[in-house]
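Data first, discussion second: the structure below is written as structure tokens.
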2 protein chains.
Amino acid sequence: MNGVMLMNQSGAKKATMKDIAKAAQVSVATVSYVLNNVSGQTIPEETRQRVLDAASELNYVPNLAARSLIKRQSGLAGILVIRRHDEQWWERAAYSPFIDAMERELTSLGYHVVLSSLDAKAPNMAIIAERKLDAVFVLGAVQDTFHQISRHFPTGVPLVAIDSHIEDPLFYRVQYDYERAALTAIERNNQHCRFLVADRGSIDAAAQLTALLSLPTSQVLVLETEEQLQPFLARQTGDGLILNEYVGLLASRWMAPSRYTVICTAGTPELLRSLPSSSSLLFEDRKHLAALELMQSLRNDSYSGPPHKSILIRPLT
Amino acid sequence: MNGVMLMNQSGAKKATMKDIAKAAQVSVATVSYVLNNVSGQTIPEETRQRVLDAASELNYVPNLAARSLIKRQSGLAGILVIRRHDEQWWERAAYSPFIDAMERELTSLGYHVVLSSLDAKAPNMAIIAERKLDAVFVLGAVQDTFHQISRHFPTGVPLVAIDSHIEDPLFYRVQYDYERAALTAIERNNQHCRFLVADRGSIDAAAQLTALLSLPTSQVLVLETEEQLQPFLARQTGDGLILNEYVGLLASRWMAPSRYTVICTAGTPELLRSLPSSSSLLFEDRKHLAALELMQSLRNDSYSGPPHKSILIRPLT
DNA sequence: GTGAAAGCGCTAACAG
DNA sequence: CTGTTAGCGCTTTCAC
């Protein structure tokens, strides 16, 4: 009793189906049938119990790598975050709530979630193929990085791009409806919009809104560093719009919150409660759900494609 | 030419080593040798090139599931986040920067990262065994949830608990040094501490500091809902300490920021720049690095265990 | 130098 | 109803 293998506190080392089969006096096939509740196979309750008992006795846990080798599904969903070298804290913070929500949703759907940061300069999408991801969500991709994808990723993998700057109709996208948001904000407050601040994550929005509101480019700031904020705000005379609540918060240092409306793109609108006189505009909280929908219709109608290639999240009114 | 398999835009369907072997006129063994640069095997440059060419021609990507089946390593690291049903936004937000940093670190080390939210009520740690995780980082575990772990998780898996409320010396931990932080804050501002607000993620800290500062429990608030904040702060007369910068921000609505010091436990101290007169205390930004260190020494000295079971992150002075 | 062959742990026909 | 068998794609002895 000392030559035996060292056991851990849970008792056994690492049981496989073979071990269970042995213990329950059946074949591995039977074990598989029982453990997976295979329909079409009719197992007598007696045997079933024997197998089940053996399994829990041995503390059996299936090896998902082996499983996914044979089924052609890994059970893994990927969240790939494209990150630039000089990512700022408010940009990082803006992704987190979505990642969080997405992970939660996927986990509750039974997927295991792989999270991976990809260098915007050289996004290595190999993980999709290596891990045989069943579904992929890409955050913050830009046209450029997407060329890589379209060249290399295996087709048939449902891929949804979120908050991504791409035109390519090949990709399915989920994004905020910035135009509607801006119009809603302006109309609601009955004020003009004389300037616009956006983080780089919403650079497309900045372009759209600049056009929509016919703003001179000097009144538009795509924030790269925190220092740019004060001088820009200082020379504004009118009211304006700020995208990203973290940026909105920073701005409060240099300008009265009553002078701008924050369009909440960072998933943390609660933040603004600390600015009493501020006004903010929220979007429907369903970016993750929309992405999921898109993914699921992509799985089902992979031949025809889902009804619409792009989902716009609407602002709350 | 129409009976052939449908190909995707990248050319091929899904090449395996066998395909490469065929194309390069060698055996799969040779392919494996070449592709993995196996030392000890001497392959003539000519063959090597042939294999390499075939591989890139066929757009080969290894199947990591198959690989991990045979090697006993998955190449996966897990970040498991214990979440309570009534998690609040400031609690959620406090985890994100760490998850982010950890993921980045692990990714750059070559791991693929699995992120999983676990219900605090019934944390299902099966994923560790199912996916054969090479390393595991658990966030926000409580003693209770940890009993589950110690009973079921396979030994030999380096597991590090971060921001977790556990006594069990069995587990390796990384945490902030709250006592030192409080003392530093108080000494630095040369002020007394008459009250304390903490989020539930720092409930241990609250206990420690209550004792350390001999605060009456009526002067200590472990924040559960946002509404508790105003009444609590309203009845404070002295200065105090607030843990979690998001909470600190919320507090500014009800109390002058100059009256409290925020101990930044949420990884986003920049937030407080929007509160001009506030004072804050940061920790060394190495929680993730410490966790990594611990994990690595756990891998190496799995027999003896690492030098210390618990790492305390010190405040910056 | 290279390849045949034996699996890793699991599933899915197909026999019995 | 249950067991045998043939792999999934890859690594790795061990012969040739």
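Because only heavy atoms are used, hydrogens play no part in the values below, and waters and symmetry mates are left out as well, while side chains stay in. Computed from a predicted structure; not experimentally measured. Below, chain A is the first sequence line, B the second, and so on; all start at residue 1.
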Atom [atom1] of [X] and atom [atom2] of [N]: how far apart are they, to the nearest Å?
{"X": "Asn37(B)", "N": "dT11(D)", "atom1": "CG", "atom2": "C1'", "value": "15 Å"}
{"X": "Gln73(B)", "N": "dC8(C)", "atom1": "CD", "atom2": "C1'", "value": "14 Å"}
{"X": "Ile43(B)", "N": "dT11(D)", "atom1": "CD1", "atom2": "C1'", "value": "14 Å"}
{"X": "Arg131(A)", "N": "dG9(D)", "atom1": "CZ", "atom2": "P", "value": "16 Å"}

message: Counting only side-chain nitrogens and oxygens, does Thr47(B) get under 4.0 Å of the OP1 or OP2 atom of dT2(C)?
response: yes
query: Say you draw a straight line from CG of Leu76(B) to CG of Leu64(A); how long is it, rounded to the nearest 0.5 Å?
result: 10.5 Å
message: Given the ring of Phe171(B), does Lys309(B) sit roughly above its face, with NZ or CZ under 6.0 Å from the centre of the six-membered ring and within 45° of the axis?
response: no
Of the non-hydrogen atoms in [X] and [Y], which two are nearest, and what is the gap between them?
{"X": "Glu103(B)", "Y": "Ile79(B)", "result": "N-CD1, 4.0 Å"}
{"X": "Arg83(B)", "Y": "Ile99(B)", "result": "NH2-CD1, 4.4 Å"}
{"X": "Tyr60(B)", "Y": "Ile20(B)", "result": "CG-CD1, 3.4 Å"}

task: Check step by step if salt bridge (charged side-chain N to carboxylate O under 4.0 Å, His left out) holds for Glu87(B) and Arg84(B).
output: CA-CA 5 Å; Glu87(B) 191 180 47; Arg84(B) 45 196 311 158; over 6 Å; no
statement: 5' to 3', nucleotides 9-16 of chain C under a 4.0 Å protein heavy-atom cut-off (B base, S sugar-phosphate only, - none) gives BSBBBB--
